[in-house]
Amino acid sequence: MENTLIINRLKLAQDYTALLDHENYQLVDMNMVEPFYIEDKEHHPSTIIFERNEQLMSIRSDWTRSLLNYNENYQLNHRHFGYFGPVVRGYETFYQAGVELYGPGEEDILKSIDMHLSFFQSKTADRYRAIVVNNDELLDLYIEKYNLDSNIKELIYEKNISEIRKVLGEEHPLTVLMTAKVSDQIEIINNEFENSEVLGFINHLKSYLEDYNMKFILDLSFRSPQSYYNGFYFQVFLNHDYPLLSGGEYNSNAFGIAVNLSNGGLL
C-alpha cells in the first residue's frame, strides 16, 4: 500500500470526524468483535462467526447493523452518531465512514445529505455525476392503484421489459414508465402521484440539491444491496463506476449514510 494512500485516509478521518463533532454528532469507536445476531447474518452472509466462552461472536461487517444493535440494547440518549473505521467482509478489510440518525425529521435527513456532499466535494477535483434515488413505496402505489400482483416487483427490479410488456400490455402506465428514459421517470411518476407524501420528500431533495448541478435520477428498479433498508434509498456517484455515498431509511425510524472509501473515487 502506498504511503500517500495511508496518509490521505488518516487525514480524511481526522477532517471528517472533526466535521461530525462540529455538527453535534456523537462519535463512536466500537470493538471489531461483537455479539452475533442471526439477523446480521441474513443481511451480510459473509460475516465471520466464531465462538468464545460458549457465546457466538462475529467480526463487524457493517457499521449500521452494529450501531442499531448497540442502540437497541442500551437505548442511547443521542440521536445522531458518526463513525470512521474498518469492517471485514469476505476476509477483506474495508474502511467505512458515515452517520446514523435515529428518529430524524425530513430536515435532519436533507441537512445530513447536503453536509456530506459539501464536505466530500471539497476533497476532490471531480464533480458529482449523479444521484440515484428510489423508494419501494412508489412501486406499491402503482400496484395498489392498478390492482397488480406483487410479483410485478421482481420484473421491475430485473428490468425485464419484455415480460413486463407481456404481463401488462404495451399501453399500461407502468410499462410506459419502465420503457421511458430513466431520467424521465421522475416527471412521469409526478404526473401519476403528484400528491404522494413519499414523492414529496424526493421532490424536496431534488430542489435542495440543485446547486450541485448533477443528474437527479428516480429509478423504480433501483434497489439497495443491503436488505435492511426499507424506505427511501439513494446513491451518489462521482465520475466512477461505484457510488461514493450510499444511504437510506431503515428500521422504520432511522436513516444512515455510508461513505465508500475503497472504490468510490475519493482516495
Over all atoms of both residues, closest heavy-atom pair of [X] and [Y]:
X	Y	answer
Leu238	Gly264	CD1-O, 3.7 Å
Tyr229	Ser224	CD1-OG, 3.1 Å
Gly256	Glu100	CA-OE1, 3.4 Å

request  = Just do the side-chain hydrogen bond (donor to acceptor under 3.5 Å, both in side chains) check on Gln235 and Tyr233 with the steps written out, would you?
outcome  = CA-CA 7 Å; Gln235 289 184 339; Tyr233 179 75; 3.1 Å; yes
Side-chain contact, heavy-atom cut-off 4.5 Å: [X] with [Y]?
X	Y	value
Glu2	Ile7	no
Asn69	Tyr37	yes
Asn251	Leu68	yes
Leu261	Leu12	yes
Tyr142	Glu192	yes
Ile156	Leu174	yes

inquiry  = Pair Lys206, Ile186 - check side chain to side chain contact (heavy atoms under 4.5 Å, CB included), show working.
reply    = CA-CA 10 Å; Lys206 185 175 185 295; Ile186 188 168; 3.7 Å; yes
query = Between Val132 and Leu218, does a side chain to side chain contact (heavy atoms under 4.5 Å, CB included) hold up when you go through it step by step?
reply = CA-CA 6 Å; Val132 185; Leu218 171 56; over 6 Å; no
Could you state whether [X] and [Y] fall into the same hydrophobic cluster, counting links through intermediate Ile, Leu, Val, Met, Phe, Trp or Tyr residues with side-chain heavy atoms under 4.5 angstrom apart?
X	Y	answer
Leu199	Val176	no
Tyr91	Val87	no
Trp63	Ile59	no

key: Approximate separation, where rounding is to 0.5 Å, of Ile152 CD1 and Tyr146 OH   = 13.5 Å
query = For Ala130, what residues pass the side-chain contact (heavy atoms from CB on, under 4.5 Å) criterion, not counting sequence neighbours?
reply = Lys215, Ile217
request  = List for me each residue that meets side-chain contact (heavy atoms from CB on, under 4.5 Å) alongside Glu34, sequence neighbours excluded, and say none if there are none.
outcome  = Ser58, Arg60, Ser66
Do any pairs count as a side chain to side chain donor-acceptor pair (under 3.5 Å) and have a residue in [range], sequence neighbours left out, and if so which ones?
range	result
residues 177-188	none
residues 130-141	Asp136-Tyr157, Asp140-Lys153
residues 194-203	Asn190-Asn203

Listing request: all salt bridge (charged side-chain N to carboxylate O under 4.0 Å, His left out) pairs with a residue in [range], at least two apart in sequence or in separate chains.
range	result
residues 156-165	Lys159-Asp219, Glu163-Lys166, Arg165-Glu170
residues 242-262	none
residues 81-98	Asp62-Arg89

query = Is Tyr242 isolated, or which residues cluster with it under the ILVMFWY side-chain rule of less than 4.5 Å, directly or via members?
reply = none
query = Considering residues at least two apart in sequence or located in another chain, which fulfil the ring-ring contact (aromatic ring centres under 6.0 Å, His included) criterion with His240?
reply = none
task = Could you list all the ring pair (Phe, Tyr, Trp, His ring centres under 6.0 Å) pairs where at least one residue sits in residues 199-218, not counting sequence neighbours?
result = Phe201-Phe232
inquiry  = Between Phe120 and Tyr16, is the ring centroid distance below 6.0 Å?
reply    = yes
Atom pairs and distances, donor-acceptor, side-chain atoms in residues 21-33, under 3.5 Å, two or more places apart:
| unit_1 | atom_1 | unit_2 | atom_2 | d |
| --- | --- | --- | --- | --- |
| Tyr25 | OH | Ser112 | OG | 3.0 |
| Gln26 | OE1 | His78 | NE2 | 3.1 |
| Asn31 | OD1 | Val33 | N | 3.0 |

If only atom types and distance count, is the side chain of [X] paired as donor or acceptor with the main-chain N or O of [Y] below 3.5 Å?
X	Y	result
Ser122	Phe119	yes
Thr175	Glu171	no
Tyr128	Val236	no
Asp114	Leu110	no

ask   = Considering residues, nucleotides and ligands other than Asn191, do more than 12 of their heavy atoms fall under 6.0 Å from its CG?
value = yes
